[in-house]
Enquirer: 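Please find one structure pasted underneath; my questions will follow.
Order of appearance sets the numbers: ligands from 1, and atoms from 1 within every ligand.
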Amino acid sequence: MWSSPEMALPSTKTILSVAASLTASALLLRTVANDLIPDSVQDYFLTRLRKFSARFSSNITVVVDELDGYAVNQMFQAASVYLGDTLSSTTRRIKVMKTEKEKQFAVKIDKNQELVDFFDGAEFKWILISSRNENAVSRSNGDHRIAPAELRSYELRFHKKHREMALNRYLRYVLERAKQIKEERKSVKLHTVDYNGSDYWGRINLDHPATFETLVMDSEAKKALIDDLNRFIARKEYYRRVGKAWKRGYLLYGPPGTGKSSLVAAMANYLKFDVYDLDLKEVQCNSDLRRLLIGTGNRSILVIEDIDCSINLQNRNLDDECDYSQDDKITLSGLLNFIDGLWSSCGDERIVVFTTNHKDKLDPALLRPGRMDVHIHMSYCDFSGFKILAKNYLEIKEHPLFGEVEELLKKVKATPAEVGGELMKSDEPDLALRGLLNFLQTKEVQS
Ligand SMILES: Nc1ncnc2c1ncn2[C@@H]1O[C@H](COP(=O)(O)OP(=O)(O)OP(=O)(O)O)[C@@H](O)[C@H]1O
Ligand SMILES: [Mg+2]
């Protein structure tokens, strides 16, 4: 009998506060009742309570299911990553996970725990709901796709006045942040040629410690390179608009031990891009080369080291599976054409790096304008480079012997590898620096 307006109906406010306190007590009880009441019973009552309070509330609830049919809902995945990173002080129960390969813990909210997030002054409440999937067993049919035993979804609640902001901006922000968080956590992989792999690549974690901070190179060139990389990453739309493949080529040249390979590692660590180290001496013929190139992923750096030495067809041991006709020989221009053509049109955010000790011996095809976008000269160690190495190796910024080292480095050509090698010989700055001075003086006499 709810039709008469005179009847003493409970006000919406009362119902709301009753519902809210019921939900809150239920959540509180949940912790106490965890061991006593079966999960399925708890889930049932909590769901009913939430639905009841939602009917009278001025809030809007958005449901984000984990699965859409068999497909995983990207929004659900993004919410999991984002919420794991955003756990507020009101969350009482969190889950921590770590697999052997991961470096960091993955933190997740546990089911039925509420997480409060603030965005642009608005409050957003997230809760992870899970229920048993009644179809789980019967759906494990012949197509090998087995329905999960648990159906999970997030419920996102916010005041209805924030509806536009939530749907247009907040959810997009969650997606974007989740992408960034995943990038930050990603461990960079090094892929090397391995014919046993399905795509001819084998991979391991790249644990190279090189960063731009620890790398010795001309400070202006370093800054220009970092700016160039940042611009490249930010220019998705630009590349699309001008109709160019989203790819950038760098040629690193300089004597052995000046940090060309270290620079590639620093770039990979900076961008969190995987490295594909393509040793052309391991590649027998064009068809293998194409397969290798096609097997490289997006957001990656393809490195071809010592390009002047590696294209040497005369001594190549030809493989049985390859076609030995002239057309199948690997040539530098063939490689470059493939990289510029088909390969770059089937991927995004690709960086190609060629390294060489002898720029003067390079095939003109590689030096032609437009081929390698940036040429970077890695050179001998000067005093400012030495100071970076002294900080890396000896953790010192000043020392009475620095003056002598500075004078010698003006006259002697020593690579960062050589200087670093000397500094490594002792943890005592005095001893290490004297060793370095000896080394430089000997070089000076010899030259
Ligand atoms: N510019 C540098 N900054 C910091 N460390 C360096 C630098 N150059 C060389 N080193 C040190 O020397 C080692 C060898 O350097 P790296 O392999 O990067 O040189 P490279 O130029 O690639 O040599 P190669 O031409 O022989 O391949 C590095 O692991 C690093 O420890
Ligand atoms: Mg190298």
Side-chain angles (χ1 to χ4, degrees), residues 188 190-193 204-226 228-229 249-271 273-282 301-312 351-362 366 372 374-397 402 405-406 409 412-427 432-433 435-436 439-440 443:
V188 176
L190 172 66
H191 303 251
T192 47
V193 178
I204 50 165
N205 277 343
L206 175 80
D207 273 332
H208 201 296
T211 63
F212 281 121
E213 228 170 57
T214 60
L215 191 81
V216 172
M217 71 186 274
D218 176 71
S219 59
E220 276 181 23
K222 192 191 281 187
K223 188 178 173 304
L225 171 62
I226 295 173
D228 192 74
L229 291 171
Y250 298 88
L251 173 70
L252 313 184
Y253 64 98
T258 49
K260 298 177 294 299
S261 303
S262 307
L263 177 55
V264 174
M267 286 164 78
N269 286 333
Y270 180 72
L271 298 170
F273 276 21
D274 283 2
V275 175
Y276 288 84
D277 184 3
L278 180 58
D279 184 348
L280 286 178
K281 290 189 217 85
E282 299 238 358
I301 303 179
L302 172 69
V303 192
I304 305 181
E305 296 247 34
D306 300 325
I307 187 70
D308 48 309
C309 314
S310 48
I311 302 260
N312 181 5
I351 287 177
V352 186
V353 178
F354 287 98
T355 75
T356 179
N357 295 146
H358 310 280
K359 194 183 177 194
D360 47 319
K361 285 193 201 157
L362 283 183
L366 198 66
M372 291 289 114
V374 184
H375 294 191
I376 298 172
H377 183 208
M378 299 299 284
S379 189
Y380 295 106
C381 193
D382 62 7
F383 183 59
S384 65
F386 158 76
K387 283 200 284 192
I388 296 181
L389 293 174
K391 191 161 159 268
N392 293 349
Y393 288 87
L394 301 171
E395 297 178 82
I396 53 170
K397 286 184 177 170
F402 272 22
V405 175
E406 183 173 11
L409 282 176
V412 178
K413 282 181 175 170
T415 63
E418 288 171 324
V419 175
E422 290 302 318
L423 296 183
M424 265 177 84
K425 289 183 180 166
S426 173
D427 290 334
L433 290 174
L436 174 65
F439 171 82
L440 293 175
K443 266 205 144 194

Enquirer: Would you call the rings of Phe402 and Phe383 parallel, tilted or perpendicular, where under 30° means parallel and over 60° means perpendicular?
Expert: perpendicular
Enquirer: Starting from atom 7 (C) of ligand 1, find the nearest protein heavy-atom neighbour and note its residue, name and distance.
Expert: Pro416 CB, 3.3 Å
Enquirer: Please could you name the atoms of ligand 1 that Asn357 approaches to less than 4.0 Å, counting only its heavy atoms?
Expert: 25 (O)
Enquirer: For ligand 1, which part of Thr214 has a heavy atom less than 4.0 Å away: the side chain, the backbone, both, or neither?
Expert: backbone
Enquirer: Testing Val374, Thr258, Thr356, Val264 one by one against Leu252 for a side-chain contact (heavy atoms from CB on, under 4.5 Å), which residue passes?
Expert: Val264
Enquirer: Consider every N or O of His208 and every N or O of ligand 1, then say whether any pair is closer than 3.5 Å.
Expert: no
Enquirer: Any sub-3.5 Å donor-acceptor pair from Thr355's side-chain atoms to Asp306's backbone N or O?
Expert: yes
Enquirer: Is there a nitrogen or oxygen of Met378 sitting under 3.5 Å from a nitrogen or oxygen of ligand 1?
Expert: no
Enquirer: Strictly by side-chain hydrogen bond (donor to acceptor under 3.5 Å, both in side chains), give each pair with a member in residues 208-217 just once, sequence neighbours left out.
Expert: Thr211-Thr214
Enquirer: Donor-acceptor check, side chain of Lys413 to backbone of Tyr380, threshold 3.5 angstrom: yes or no?
Expert: no
Enquirer: Closer than 2.8 Å to the Mg ion (ligand 2), which protein N, O or S atoms?
Expert: Ser261 OG
Enquirer: Would you mind checking which non-hydrogen protein atom is closest to atom 13 (C) of ligand 1, with the distance to 0.1 Å?
Expert: Ala417 CB, 4.2 Å
Enquirer: I want to know if ligand 1 touches Ser261 in the polar sense, i.e. an N/O pair below 3.5 angstrom.
Expert: yes
Enquirer: Check each of Gly259, Ser379, Ala265 against atom 8 (N) of ligand 1 and report the one with the nearest heavy atom.
Expert: Gly259
Enquirer: Would you mind running through ligand 1 and noting each atom that sits below 4.0 Å from a heavy atom of Leu215?
Expert: 3 (N)
Enquirer: Counting each atom of ligand 1 from 1 as listed, which ones have a heavy atom of Tyr393 under 4.0 Å away?
Expert: 31 (O)
Enquirer: Take Tyr250 and Leu229 through the test side chain to side chain contact (heavy atoms under 4.5 Å, CB included) and record every step on the way to the result.
Expert: CA-CA 11 Å; Tyr250 298 88; Leu229 291 171; 3.3 Å; yes
Enquirer: Side-chain contact test, heavy atoms from C-beta onward, threshold under 4.5 Å: evaluate it for Cys381 versus Thr415 and give yes or no.
Expert: no
Enquirer: Which atoms of ligand 1 are found less than 4.0 Å from any heavy atom of Lys260?
Expert: 18 (O), 19 (O), 20 (P), 21 (O), 22 (O), 23 (O), 24 (P), 25 (O)
Enquirer: Closer than 3.5 angstrom, by distance alone: can the side chain of Lys223 be matched with the main-chain N or O of Asp218 as a donor-acceptor pair?
Expert: no
Enquirer: Which atoms from ligand 1 have a heavy atom of Pro256 less than 4.0 Å away?
Expert: 23 (O), 24 (P), 25 (O), 26 (O)
Enquirer: Measuring from Leu423:CG to Lys391:NZ, what's the distance to the nearest 0.5 Å?
Expert: 14.0 Å
Enquirer: Can you confirm, on distance only, whether ligand 1 has an N/O atom lying under 3.5 Å from any N/O atom belonging to Gly257?
Expert: yes
Enquirer: Is there at least one pair of N or O atoms, one from Thr258 and one from ligand 1, spaced under 3.5 Å apart?
Expert: yes
